[in-house]
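Atoms within a ligand are numbered from 1 in the order they appear, just like the ligands themselves.
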Amino acid sequence: MLLKRWWHKRRRASVPADSSGPRITFFGGKGGVGKTTCAAAYALRLANNGQRTLLVSTDPAHSLGDLLQVALGSKVQRISEGLDALELDPEKALKRYLDEVKTNLRQLASPELRQAAEHQAELAGLSPGATEAALFDEIVRLILDSEDYEQLVFDTAPTGHTLHLLALPEIMGAWTEGLLARGQKSEVEWMQRAPEADDRSRRAGAILQRRRERFAAARERLLDPARTRFVPILNPDALSREETARMLITLGERGIPLDTLVINRVLPDSADGQFLARRRQTEAGHLAAIDRDFAHLKRLRIPLAESEIRGLSALQSLARQLAL
Ligand SMILES: Nc1ncnc2c1ncn2[C@@H]1O[C@H](COP(=O)(O)OP(=O)(O)OP(=O)(O)O)[C@@H](O)[C@H]1O
Ligand SMILES: [Mg+2]
């Protein structure tokens with residue numbers, strides 16, 4: 001009975017109830033289209049509206065700190081009233097994950113197997129995809145454990161598409177088993193190969209079950225349109241249109257909610273001169289194609305700013321325009 005009560009309490013602590021937790025917005029798109037700038041401006045907009053907001057960069061090539069003109073790291077930092085930010089550090093994420101695996105192994109593997117199991121965990125850390133997978137772990141943590149915030153805004157990496165990987169059940173499965181590497185012994189196996197396997201495998205089972213539940217809860221939140229949305233950004237040019245079309249197919253296949261497309265860096269009417277007039281002509285063709293190809297989405301045009309966007313006050317004007 002006591003054990004049952006403890007287990008329920010633990011479950012409540014590790015997997016937050018459905019209705020709780022922040023709203024989540026991901027900004028994604030081709031390299032250089034304005035993901036970081038728009039994510040930061042939108043987060044600022046939310047904070048201006050009185051919402052406690054956490055802005056997160058998942059891009060290993062961090063430029064959020066440069067944009068905000070503060071030194072950001074993997075610890076939450078106050079940017080302005082109601083706005084905090086952090087940059088996820090892939091190396092630190094990997095170390096944290098491996099440390100967790102090792103702690104589990106220390107508790108669960110038999111003394112004879114412990115060293116070999118730890119070695120295996122080290123190898124897993126070197127395998128392709130390990131860093132990205134460790135980043136998933138951090139994102140899941142943020143999605144589930146950011147109860148202090150009403151809004152989470154993610155600036156994503158250009159090609160990683162972390163979000164749709166997260167929404168893939170098979171990736172979740174692989175990660176749940178503790179490894180992405182091909183053909184390597186899984187953490188589970190190591191745990192279960194121990195002598196006195198009964199008690200250990202029960203504990204290993206409980207750890208894995210908890211992880212499975214957390215991934216399932218994160219996935220549910222990600223796929224819930226009432227809570228999460230992905231905002232694709234593009235520029236009015238051919239390459240970014242093509243990449244966006246491909247990205248939208250993938251996101252659609254994963255069932256990731258999206259309703260608005262941001263068309264960033266549109267030449268403003270005030271831009272004059274012959275050179276810009278010619279550019280505007282080319283651009284008009286792309287804008288028409290975007291309206292046609294992405295007619296099922298709302299489309300928000302953001303003009304190319306006259307001067308460089310850097311620092312909070314420069315972001316304010318963009319924040320006012322990002323009515324998403
Ligand atoms: N509306 C805009 N007006 C003027 N400049 C802009 C606008 N949006 C973005 N920029 C500028 O374009 C450049 C690229 O923007 P940003 O870094 O936000 O793109 P990104 O998509 O995050 O790039 P990456 O793929 O490298 O992460 C920056 O110099 C930024 O200041
Ligand atoms: Mg960026």
Just by modelled atom types, is the D155 backbone N or O under 3.5 Å from a matching donor or acceptor in the T58 side chain? yes
Before accepting this row, confirm whether a basic side-chain N of the pair R52/D148 lies closer than 4.0 Å to the acidic partner's carboxylate O. no
Close to the Mg ion (ligand 2), meaning under 2.8 Å, how many protein N, O or S atoms are there? 1
Does a salt bridge link D145 with R214, judged by any charged N lying under 4.0 Å from a carboxylate O? yes
Considering all heavy atoms, the nearest V33-N235 contact: O-ND2, 3.1 Å
Salt-bridge test for R141 and E138: reply yes if a basic N is under 4.0 Å from a carboxylate O, no otherwise. yes
Flag if over 12 foreign heavy atoms under 6.0 Å of CZ, R299: yes
Using a strict cut-off of less than 4.0 Å between a Lys/Arg side-chain nitrogen and an Asp/Glu carboxylate oxygen, indicate whether R265 and D237 qualify as a salt bridge. no
So, S270 side chain and P268 main chain: donor-acceptor pair closer than 3.5 Å or not? no
Which atom pairs, nitrogen or oxygen on both sides, join ligand 1 and the protein at under 3.5 angstrom?
| residue | atom | partner | partner atom | Å |
| --- | --- | --- | --- | --- |
| ligand 1 | 1 (N) | N264 | OD1 | 2.9 |
| ligand 1 | 1 (N) | P303 | O | 3.1 |
| ligand 1 | 3 (N) | A305 | N | 2.7 |
| ligand 1 | 8 (N) | N264 | ND2 | 2.9 |
| ligand 1 | 12 (O) | R265 | NH1 | 2.7 |
| ligand 1 | 18 (O) | T36 | N | 3.4 |
| ligand 1 | 18 (O) | T37 | N | 2.9 |
| ligand 1 | 18 (O) | T37 | OG1 | 2.4 |
| ligand 1 | 19 (O) | G34 | N | 3.1 |
| ligand 1 | 21 (O) | G32 | N | 3.4 |
| ligand 1 | 21 (O) | V33 | N | 3.2 |
| ligand 1 | 21 (O) | G34 | N | 2.9 |
| ligand 1 | 21 (O) | K35 | N | 2.9 |
| ligand 1 | 21 (O) | K35 | NZ | 2.7 |
| ligand 1 | 22 (O) | K35 | N | 3.4 |
| ligand 1 | 22 (O) | T36 | N | 2.9 |
| ligand 1 | 22 (O) | T36 | OG1 | 2.8 |
| ligand 1 | 23 (O) | G32 | N | 3.1 |
| ligand 1 | 25 (O) | G32 | N | 2.8 |
| ligand 1 | 25 (O) | K35 | NZ | 2.7 |
| ligand 1 | 27 (O) | D59 | OD2 | 3.4 |

Verify, without hydrogens or angle tests, whether K35 (side chain) and F154 (backbone) share a donor-acceptor contact under 3.5 angstrom. no
